[in-house]
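Structure first, commentary second.
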Amino acid sequence: SIMESKDFSTSKAKEDIDLVRLSVKDLGFTRSATTDQLYKRALELGLELCPAEVGPHYRLQYMDQPMDEWVYVGMKEIAASDGDPHVFEVGRDADGAWLDRRWADPGTEWDPGDQFLFRLRKSKT
């Protein structure tokens with residue numbers, strides 16, 4: 001339902017985006033961390049939030065995803081049909097490959113093993 005939100009948009013121009021996939025632990029947290037803490041740390045490391053459209057594109061391109069793996073898109077949260085903020089969740093289980101949503105308000109806590117996608121900061125050349 002977040003793809004149907006007025007806050008979900010896609011770029012008119014094709015753009016190659018360099019993605020970095022890091023766990024919460026890779027970002028320096030040995031215990032759980034909140035969405036705000038993760039995003040702040042990613043920015044400190046020279047990363048950016050992904051455009052929301054990365055979620056659907058990543059799902060389509062990552063068809064060999066290992067079983068029972070889930071990856072979250074570090075993005076500005078979008079309200080779903082329930083009104084709560086969510087990010088995209090790309091996963092695969094016995095039922096197939098999924099593009100889903102995960103509740104992600106600023107205080108949502110993430111486990112050290114949770115994996116996130118971020119965008120490499122664009123160089124200013």
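In this text, all values refer to a predicted model and were calculated from it rather than measured experimentally. We use all heavy atoms of the structure for the numbers below, so side chains are in, but hydrogens, waters and symmetry mates are not.
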Exercise for review: State which residues pass ring-ring contact (aromatic ring centres under 6.0 Å, His included) with Tyr58; sequence neighbours excluded, sorted by chain then number.
Suggested key: Tyr62
Closest approach of [X] to [Y] (non-hydrogen atoms, all atoms of both residues):
X      : Y     : value
Ser1   : Ala80 : OG-CB, 3.4 Å
Glu77  : Pro85 : CB-CB, 3.6 Å
Pro56  : Phe8  : CG-CZ, 4.2 Å
Pro112 : Ser23 : O-CB, 3.5 Å

[atom1]-[atom2] distance between [X] and [Y], expressed to the nearest 0.5 angstrom:
X      : Y      : atom1 : atom2 : answer
Leu49  : Lys76  : CG    : NZ    : 10.0 Å
Asp82  : Arg101 : CG    : CZ    : 4.5 Å
Lys25  : Thr30  : NZ    : OG1   : 8.0 Å
Glu53  : Met75  : CD    : CE    : 10.5 Å
Asp114 : Glu109 : CG    : CD    : 11.0 Å
Asp64  : Arg92  : CG    : CZ    : 8.5 Å

Review point. Between Glu89 and Arg59, is there a salt bridge with N-O shorter than 4.0 Å?
Key: no
**Study point:** Presence of salt bridge, Glu44 and Arg121, under 4.0 angstrom
**Key:** no
Exercise for review: Decide side chain to side chain contact (heavy atoms under 4.5 Å, CB included) for Leu19 and Leu120; before the verdict, give the C-alpha distance in whole Å, the side-chain angles of both, and the deciding distance to 0.1 Å.
Suggested key: CA-CA 6 Å; Leu19 298 175; Leu120 282 178; over 6 Å; no
Would you indicate whether the side-chain heavy atoms of [Y] and [X] approach each other to under 4.5 Å?
X     : Y      : value
Leu38 : Val24  : yes
Leu22 : Gln115 : no
Glu15 : Pro51  : no
Leu47 : Val20  : yes

Review point. Should Leu99 and Val90 be marked as a side chain to side chain contact (heavy atoms under 4.5 Å, CB included) after you check the CA-CA gap, both sets of side-chain angles, and the distance that decides it?
Key: CA-CA 5 Å; Leu99 175 65; Val90 176; 4.1 Å; yes
Check your understanding: Will you find, in the side chains of Trp103 and Thr108, an N or O donor that is under 3.5 Å from an N or O acceptor?
Key ->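 The answer is no; no qualifying pair exists.
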Check your understanding: Do Ile17 and Leu43 sit in the same hydrophobic cluster, where Ile, Leu, Val, Met, Phe, Trp and Tyr count as joined when their side-chain heavy atoms come under 4.5 Å apart?
Key -> no
Review point. Is there a path of hydrophobic side-chain contacts, each under 4.5 Å between heavy atoms of I, L, V, M, F, W or Y residues, that connects Leu60 with Phe88?
Key: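 No: no chain of side-chain contacts under 4.5 Å links Leu60 to Phe88.
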Check your understanding: Any idea how Phe116 and Tyr72 line up, ring-wise: parallel (<30°), tilted (30 to 60°), or perpendicular (>60°)?
Key -> tilted
Using a 3.5 Å distance criterion without hydrogens, assess whether the side chain of [X] forms a donor-acceptor pair with backbone atoms of [Y].
X     : Y      : value
Thr35 : Asp105 : yes
Gln37 : Thr34  : yes
Asp93 : Asp95  : yes

Point to revise | Audit row: Val87, Ile78, side chain to side chain contact (heavy atoms under 4.5 Å, CB included) steps and yes/no | key: CA-CA 7 Å; Val87 296; Ile78 295 176; over 6 Å; no
Point to revise | Chi angles and distances behind the side chain to side chain contact (heavy atoms under 4.5 Å, CB included) call for Trp110, Phe29 | key: CA-CA 10 Å; Trp110 303 87; Phe29 299 96; over 6 Å; no
